[in-house]
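To start, the structure under review is shown below, and the notes come after it.
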Amino acid sequence: MNIPFLDNWRKRHGPGRSVSLADAVSSDPESAAQLLSECELLRDHAGRSGVELDDTAESLSALDQLLPRWRDDPEVSPWLGSDAGLYLGTVIIRTVPGTSWRLRPDGEPVVRLPSGRELDVLEEGGNWAETGTPELSQLYAEFSER
């Protein structure tokens with residue numbers, strides 16, 4: 001899996017150090033959570049539209065209200081969708097006690113709830129970027145219920 005922001009994490013942890021996302025999640029979950037929360041493209045796009053991404057459920061609602069101009073650029077939409085999914089996961093992780101990041105055997109990050117239920121945030125973010133549904137705030141409401 002090609003995750004560009006993993007390079008940023010590697011740069012901060014020393015040159016020449018080859019670290020996989022799986023290693024980062026298992027050995028340093030706090031740093032991995034920070035890494036997964038970067039979402040630079042989404043944060044830049046939202047900021048230019050006047051939306052502050054402060055890792056709250058309200059910011060997910062604000063993202064749902066953005067005009068989807070990114071759909072005009074087939075190169076941006078998938079990246080923005082990945083960032084939206086990772087941001088959704090970040091909000092859930094930071095606001096729902098007992099949730100955590102987990103990597104599936106294929107290396108994709110998912111959010112695991114205390115119940116054991118998992119949310120494929122990359123798939124959901126991609127769906128949101130392509131069609132606007134389901135809304136990020138709706139997914140948050142569903143997955144933050146206990």
Side-chain angles (χ1 to χ4, degrees), residues 1-47 51-57 59-64 66 68-146:
M1 179 170 83
N2 180 21
I3 302 179
F5 54 80
L6 187 55
D7 291 335
N8 292 338
W9 188 87
R10 287 181 178 137
K11 286 176 191 171
R12 287 194 301 267
H13 288 82
R17 183 175 174 198
S18 179
V19 177
S20 71
L21 184 57
D23 292 340
V25 169
S26 64
S27 67
D28 190 355
E30 282 298 315
S31 290
Q34 182 180 356
L35 168 71
L36 292 169
S37 73
E38 287 186 5
C39 313
E40 290 180 41
L41 180 63
L42 181 69
R43 288 182 189 279
D44 180 60
H45 181 78
V51 174
E52 180 186 354
L53 299 186
D54 58 1
D55 300 346
T56 63
S59 65
L60 293 171
S61 295
L63 283 173
D64 289 335
L66 292 178
R69 292 188 177 105
W70 60 84
R71 292 186 191 139
D72 296 336
D73 188 340
E75 290 185 23
V76 171
S77 191
W79 291 106
L80 193 74
S82 293
D83 273 10
L86 292 172
Y87 184 70
L88 170 63
T90 295
V91 173
I92 292 171
I93 296 286
R94 293 190 175 160
T95 60
V96 179
T99 58
S100 61
W101 287 108
R102 186 183 86 71
L103 293 182
R104 293 188 316 207
D106 64 1
E108 296 288 325
V110 295
V111 171
R112 175 172 268 176
L113 300 169
S115 67
R117 187 175 177 197
E118 293 183 347
L119 173 61
D120 184 339
V121 293
L122 295 180
E123 180 179 336
E124 296 296 351
N127 291 339
W128 175 82
E130 289 178 25
T131 67
T133 57
E135 291 184 339
L136 298 173
S137 58
Q138 177 185 354
L139 287 165
Y140 175 82
E142 177 185 340
F143 280 84
S144 65
E145 292 177 354
R146 295 181 191 186

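Predicted, not measured: the structure shown is a model, and the values here were computed from it.
- Between Thr95 and Val91, the shortest heavy-atom distance links the atoms OG1-O, 2.6 Å.
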**OP:** Determine, stepwise, if the pair Arg102 / Glu108 fulfils salt bridge (charged side-chain N to carboxylate O under 4.0 Å, His left out).
**Re:** CA-CA 8 Å; Arg102 186 183 86 71; Glu108 296 288 325; over 6 Å; no

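- Of all non-hydrogen atoms in Pro78 and Pro74, the two that sit nearest each other are CD-O, 3.1 Å.
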Subject >> Stepwise side chain to side chain contact (heavy atoms under 4.5 Å, CB included) test for Thr56 and Tyr140 >> reply: CA-CA 10 Å; Thr56 63; Tyr140 175 82; over 6 Å; no

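- Taking the side chain as every heavy atom from C-beta outward, Val76 and His45 never approach each other to under 4.5 Å.
- Listed here is the closest heavy atom pair of Pro97 and Pro114: O-CG, 3.4 Å.
- Put simply, the side chain of Val96 does not reach to within 4.5 Å of the side chain of Phe143, judged on heavy atoms.
- Listed by first then second residue, pairs satisfying salt bridge (Lys or Arg N to Asp or Glu O under 4.0 Å) with a partner in residues 129-138 number zero, not counting sequence neighbours.
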Original post:
Between Ser37 and Arg94, does a side chain to side chain donor-acceptor pair (under 3.5 Å) hold up when you go through it step by step?
Top reply: CA-CA 10 Å; Ser37 73; Arg94 293 190 175 160; 3.3 Å; yes

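- Residues Trp128 and Asp64 meet the side-chain proximity criterion, which asks for heavy atoms closer than 4.5 Å.
- For the pair Asp106 and Arg104, the tightest heavy-atom approach, listed with the atom from each and the gap, is OD2-NH2, 2.8 Å.
- Side-chain contact between Ile92 and Leu119: present, with at least one pair of heavy atoms (C-beta onward) separated by less than 4.5 Å.
- Contact of the Ile93 side chain with the Val111 side chain is registered, since non-hydrogen atoms from C-beta on lie closer than 4.5 Å.
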Original post:
Yes or no on side chain to side chain donor-acceptor pair (under 3.5 Å) for Asp55 and Thr90, after CA distance, side-chain angles and deciding distance?
Top reply: CA-CA 7 Å; Asp55 300 346; Thr90 295; 5.9 Å; no

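- For the side chain to side chain contact (heavy atoms under 4.5 Å, CB included) test, residues two or more places apart in sequence or in another chain that qualify with Pro68 are Trp70, Arg71.
- The nearest pair of heavy atoms linking Pro109 to Leu86 is CG-CD2, 4.1 Å.
- Taking the side chain as every heavy atom from C-beta outward, Glu123 and Asn127 approach each other to under 4.5 Å.
- Leu53 meets the side chain to side chain contact (heavy atoms under 4.5 Å, CB included) test with Leu42, Arg43, Ala46, Val51, Ser59, Leu63, Tyr87; sequence neighbours excluded.
- The 12-atom threshold is exceeded at CD of Glu142, counting heavy atoms of other residues, nucleotides or ligands nearer than 6.0 Å.
- Scanning all heavy atoms of the two residues, the minimum distance from Leu60 to Leu88 falls at CD1-CD1, 3.8 Å.
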